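Right, one structure below, let's go through it.
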Protein chains: 2
Amino acid sequence: MTAKLAIDLDRSSPVPLYFQVAEQISEAIRSGDLPPGSRLDNEIMLADRLGLSRPTIRQAIQYLVDKGLLVRKRGVGTQVVHGQVKRSVELTSLYDDLRRAGQEPVTRVLALEAVPAQEEVAAVLGLEPGAEVLRMERIRYAAGEPLALLHNWLPAGLAPLTAENLSERGLYELLRSAGVRMRVANQRIGARAATAVEARLLDERRGAPLLTMVRTAYDDQGRAVEHGSHIYRASHYSLEVTLIER
Amino acid sequence: MTAKLAIDLDRSSPVPLYFQVAEQISEAIRSGDLPPGSRLDNEIMLADRLGLSRPTIRQAIQYLVDKGLLVRKRGVGTQVVHGQVKRSVELTSLYDDLRRAGQEPVTRVLALEAVPAQEEVAAVLGLEPGAEVLRMERIRYAAGEPLALLHNWLPAGLAPLTAENLSERGLYELLRSAGVRMRVANQRIGARAATAVEARLLDERRGAPLLTMVRTAYDDQGRAVEHGSHIYRASHYSLEVTLIER
DNA sequence: GTGGCACGTTTGTCATGACATTCTGATGTC
DNA sequence: GACATCAGAATGTCATGACAAACGTGCCAC
């Protein structure tokens with residue numbers, strides 16, 4: 001059952017060796033070369049065959065175990081997990097998700113303005129009340145239908161955001177390309193009935209069930225970089241989360 | 001700014017050294033001895049002071065970085081994150097969550113029976129259609145009010161489950177104590193309006209917004225161990241999720 | 001005064017070696 | 001034939017050593 005998979009290493013590349021190994025194992029799993037349940041060679045043999053040390057191999061395998069692709073068992077070996085794993089653990093925005101699903105999301109910017117932070121917003125962003133924040137309100141469409149009403153607050157001066165580039169790209173994508181490195185996000189997910197205003201904007205009936213999500217994202221340093229309060233049409237959208245226990 | 005924290009090691013303990021270190025740093029953060037933003041000693045010094053090697057220290061720190069408690073920066077050092085981090089990444093059940101929140105959840109078992117698996121259930125559990133599965137239906141109360149309607153399917157023979165122990169303990173707790181080690185779970189979260197039957201059971205009005213969650217949990221080996229389809233009263237409950245990007 | 005460059009500090013990556021722990025399967029005994 | 005015991009195999013943990021890369025700071029030149 002041990003699979004012999006070919007792994008090319010480029011020692012001159014700036015990409016770490018353990019990452020090169022992890023990527024190629026991951027690709028072999030995705031392509032079916034390593035079917036679910038198949039066992040990898042043991043770490044010593046792998047290290048030997050690739051001309052690497054065992055810690056490097058272990059780091060590569062650990063990386064994939066953390067992502068839920070592999071399972072280790074002492075005394076047994078390392079196997080590809082049986083169940084198919086949806087990989088949506090990452091910090092993505094609705095825009096990214098839709099793009100990946102092959103949709104072509106469209107965004108209409110309803111509001112984009114610098115305002116003094118209200119008390120509640122200032123608190124979650126860790127700013128002084130009254131500090132300047134960027135408030136935005138957007139509607140996201142997919143397949144020609146309204147999907148979500150997005151409301152965001154950001155500390156001022158974080159990234160150059162205009163109605164134009166917000167129409168064409170997702171907020172997270174823009175933040176990332178402005179050098180903002182998001183690391184942790186808290187999300188609270190709930191549901192409620194649509195108000196008359198929301199119903200009109202989202203082409204639903206008043207009282208229709210909506211999915212609500214309040215999210216605050218933090219960067220490297222633990223500084224809040226984004227706070228959002230979003231509502232989704234429950235009839236058209238659901239959230240997917242994958243949990244991995246270490 | 002470097003904090004001198006006292007760490008006791010017990011080399012005779014079966015608890016790994018890196019874990020002992022991680023636990024005590026974690027405790028120092030929780031207790032406030034290491035306030036947000038404070039810097040840890042560098043890895044070499046820490047290793048030296050504790051009489052450990054650098055890889056061991058790194059492993060301890062990495063463990064806490066993965067949990068979102070610490071932040072490393074090359075050329076700078078390791079710091080405690082600024083933002084408060086809710087730690088609900090773990091694989092828990094509603095019952096656990098309520099208990100931790102100081103509530104006293106009550107469960108009423110509506111159904112508990114062995115049935116042949118229908119096609120859809122068999123598919124997600126990775127069983128043959130018609131294989132025997134345990135079907136259960138429960139209502140969960142908190143503070144005297146109905147909170148959720150829980151519907152589960154499990155492969156037969158996984159754990160000795162009776163209406164009695166299900167009334168007194170959570171499903172995940174029972175599974176864990178039966179030796180089932182859950183590792184990965186996929187959750188799909190949505191919302192919809194209550195049907196008349198659901199409304200009656202949950203003490204809501206017909207059409208009231210409900211939060212829906214469909215979850216499949218897998219064990220060590222990637223085998224499905226539980227499939228659930230639950231509905232929550234949106235007026236009384238919301239889900240919290242924390243994402244950490246590596 | 002300001003910009004660029006060099007330097008020290010700290011984490012990131014990788015190699016080698018050793019022993020402990022745990023699971024599986026085979027062997028042997030009752 | 002069934003159960004207990006033992007050996008092999010694999011991952012888990014830990015130590016030591018070395019070099020690379022990135023970040024911040026201070027110095028120096030213009």
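Computed from a predicted structure; not experimentally measured. Order of the sequence lines sets the chain letters (A, B, ...), proteins ahead of strands, with each chain counted from 1.
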note = When B:Pro14 and A:Gly51 are each assigned the nearest nucleotide of DNA chain C, the 5'-most assignment goes to A:Gly51

Which nucleotide, [options], lies nearest any side-chain atom of [X]?
| X | options | value |
| --- | --- | --- |
| A:Leu17 | D:dC14, C:dC14, D:dT11 | C:dC14 |
| A:Leu52 | D:dT11, C:dA15, C:dT13 | C:dA15 |
| B:Pro55 | C:dT11, D:dA15, D:dT11 | D:dA15 |
| B:Thr56 | D:dG12, D:dA15, C:dT16 | D:dA15 |
| A:Arg74 | C:dT24, D:dG12, D:dC14 | D:dG12 |
| A:Pro16 | C:dT13, D:dA15, C:dA15 | C:dT13 |
| B:Arg11 | C:dA15, D:dA15, C:dT11 | D:dA15 |

[Y] and [X] side chains, donor-acceptor separation under 3.5 Å:
| X | Y | value |
| --- | --- | --- |
| A:Asn152 | A:Glu226 | yes |
| A:Thr107 | A:Arg140 | yes |
| B:His227 | B:Thr216 | yes |

[X] side chain near [N] phosphate (N/O to OP1/OP2, under 4.0 Å):
| X | N | result |
| --- | --- | --- |
| A:Arg54 | C:dA15 | no |
| B:Tyr18 | D:dT13 | yes |
| A:Arg58 | D:dG12 | yes |
| B:Thr78 | C:dT10 | no |

[X] [atom1] to [N] [atom2], straight-line distance once rounded to whole Å:
| X | N | atom1 | atom2 | answer |
| --- | --- | --- | --- | --- |
| B:Arg72 | C:dT9 | CZ | C1' | 15 Å |
| A:Lys73 | C:dT24 | NZ | C1' | 11 Å |
| A:Asp48 | D:dA10 | CG | P | 13 Å |
| A:Gln79 | C:dC23 | CD | P | 14 Å |
| A:Ile57 | C:dT16 | CD1 | C1' | 14 Å |
| A:Leu46 | D:dA10 | CG | C1' | 12 Å |
| A:Ile44 | C:dT16 | CD1 | C1' | 11 Å |
| B:Gln59 | D:dT13 | CD | C1' | 7 Å |

task = Determine whether B:Leu154 and B:Leu125 make a side-chain contact, defined as any pair of heavy atoms from C-beta on separated by less than 4.5 Å.
result = no

ask   = Can you tell if the side chain of B:Val133 reaches within under 4.5 Å of the side chain of B:Pro155, non-hydrogen atoms only?
value = no

